[in-house]
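One structure is given below, encoded as structure tokens.
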Amino acid sequence: MSSANTPSKVTKREGKPTRRAFDRDQALAAALREFWTHGYDTTSIASLTEAMGIRPPSLYAAFGDKRQLFEEAVELYVRTYGAAPPHGSDARSAIAAMLQHLAADYTDPSHPPGCLIISAATNCGPGSQDIKAKLRAMREKTKAAIASCVRVDIDAGRLPAATDADGLAAFYAAVIQGMNQQASDGVDRKTLQRIADAAMAAWPAAPPPTTTSALAQK
């Protein structure tokens, strides 16, 4: 993928070299917004080329086809907007911070609402099931990261040994997907923050501290 410092691709016309007449990075950013706003299947080549300011032959020459363009757009999204896996001193604070970050990001007016990884393949047809599977695998990776974070706290004794790490991860993944839909429906940041706070109220209580036996105290 080109960067801002990469020279434009040189082609030949009538025996003379000529440079591509558009900025590839800006075109890709415009394509990302189209996919993010409308989803993969609904976004047409016509709407993409209009948003990117190029003609179809230029799109195919620079990006291959719609599917390859989408894959590059997803990579750009992950680099620039995607939330990092939960991390912090403990699972509760890490997941709480992640939800608060998403509340701000999903409602940021500088880009389309919600999450591309969640919503771009919601209504994929039979010919786009590989796209749907790719995005589902990315969501599953996030869910697995949450579960791993929870297991660290279980092992450290910060959560009861019987805590269902996978179930808890699935719950918070569902909260994230719900926040995405709420943002797409137009709710504001404060509302998503309230949802995040309510979700954290469901966090399992810490186990009682281990008491020293009377014999050990003697």
Side-chain angles (χ1 to χ4, degrees), residues 32 36 39-40 71 73-108 111-124 129-185 187-213 216:
L32 168 58
W36 195 345
Y40 177 76
E71 290 177 353
V74 170
E75 292 173 2
L76 176 61
Y77 176 86
V78 170
R79 290 197 307 272
T80 54
Y81 300 103
H87 62 278
S89 58
D90 59 82
R92 190 186 193 287
S93 62
I95 293 170
M98 181 176 67
L99 294 182
Q100 290 298 325
H101 167 78
L102 295 178
D105 182 64
Y106 285 2
T107 55
D108 186 337
H111 58 67
C115 173
L116 174 80
I117 307 304
I118 295 174
S119 59
T122 302
N123 298 312
C124 275
Q129 291 304 300
D130 58 332
I131 295 293
K132 187 174 183 178
K134 176 184 178 69
L135 297 186
R136 182 172 59 245
M138 295 176 74
R139 296 194 298 271
E140 288 298 318
K141 186 176 180 180
T142 298
K143 189 192 301 183
I146 296 174
S148 177
C149 194
V150 172
R151 290 191 183 94
V152 169
D153 272 20
I154 295 172
D155 293 342
R158 289 188 288 265
L159 285 172
T163 300
D164 180 359
D166 291 331
L168 201 59
F171 169 75
Y172 285 104
V175 170
I176 291 169
Q177 291 175 349
M179 290 172 65
N180 168 78
Q181 185 60 55
Q182 289 286 298
S184 298
D185 287 345
V187 306
D188 59 16
R189 176 177 177 176
K190 288 185 178 180
T191 300
L192 291 192
Q193 288 174 329
R194 288 164 56 198
I195 292 171
D197 290 340
M200 294 313 302
W203 191 259
T210 303
T211 56
T212 306
S213 67

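Residue indices begin at 1 and follow the sequence shown.
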Can you name the nearest heavy-atom pair linking L32 to A73, along with the distance? CD1-O, 3.6 Å
Minimum-distance pair of heavy atoms, taken over all atoms of T163 and P204: CG2-CG, 4.2 Å
Rounded distance [0.5 Å steps], CD in Q182 versus OG1 in T107: 12.0 Å
Validation row: K141, M138 side chains within 4.5 angstrom (heavy atoms): no
Under the side-chain contact (heavy atoms from CB on, under 4.5 Å) test, which residues partner A173, sequence neighbours left out? K143
Flag the pair V187 / M179 as yes when at least one side-chain heavy-atom distance between them is below 4.5 Å, and no otherwise. no
Begin with the C-alpha distance, continue with both residues' side-chain angles, and end with the deciding distance and a verdict on side chain to side chain contact (heavy atoms under 4.5 Å, CB included) for I176 and Y106. CA-CA 10 Å; I176 291 169; Y106 285 2; 3.4 Å; yes
List in chain and number order the residues that pass side-chain contact (heavy atoms from CB on, under 4.5 Å) with D108, two or more places apart in sequence or in another chain; answer none if no residue qualifies. S110, H111
Non-neighbouring partners of D155 that pass salt bridge (charged side-chain N to carboxylate O under 4.0 Å, His left out), sequence neighbours left out: none
Contacts of type salt bridge (charged side-chain N to carboxylate O under 4.0 Å, His left out), residue D105, not counting sequence neighbours: none
Heavy-atom closest contact (G157 atom, P207 atom, distance): O-CG, 3.2 Å
Donor-acceptor pairs are to be reported for all side-chain atoms of residues 190-202 against protein atoms at under 3.5 Å, with residues two or more places apart or in another chain.
unit_1, atom_1, unit_2, atom_2, d
T191, OG1, D188, OD1, 2.7
D197, OD1, Q100, NE2, 3.2

Any pair with a residue in residues 169-179 that passes salt bridge (Lys or Arg N to Asp or Glu O under 4.0 Å), sequence neighbours left out, goes on the list, sorted by first then second residue, please. none
Contacts satisfying salt bridge (Lys or Arg N to Asp or Glu O under 4.0 Å) that involve residues 160-182 (not counting sequence neighbours) are R151-D166
For S148, enumerate each residue passing the side-chain contact (heavy atoms from CB on, under 4.5 Å) test, keeping only those at least two apart in sequence or located in another chain. none
Compare every heavy atom of L135 with every heavy atom of I117, then report the nearest pair and how far apart it is. O-CB, 3.6 Å
What are the two closest heavy atoms between G114 and A183, and how far apart are they? N-CB, 3.9 Å
Passes side chain to side chain contact (heavy atoms under 4.5 Å, CB included), C115 versus Y77? Steps please. CA-CA 9 Å; C115 173; Y77 176 86; 3.4 Å; yes
Residues that Y172 engages under ring-ring contact (aromatic ring centres under 6.0 Å, His included), provided they are two or more places apart: W203
Sequence neighbours left out, what passes salt bridge (charged side-chain N to carboxylate O under 4.0 Å, His left out) with R92? Give chain and number order. none
Determine which pairs satisfy ring-ring contact (aromatic ring centres under 6.0 Å, His included) with at least one residue from residues 134-153, sequence neighbours left out, and list them in order. none
Not counting sequence neighbours, which residues clear side-chain contact (heavy atoms from CB on, under 4.5 Å) with S184? List them please. N180, Q181
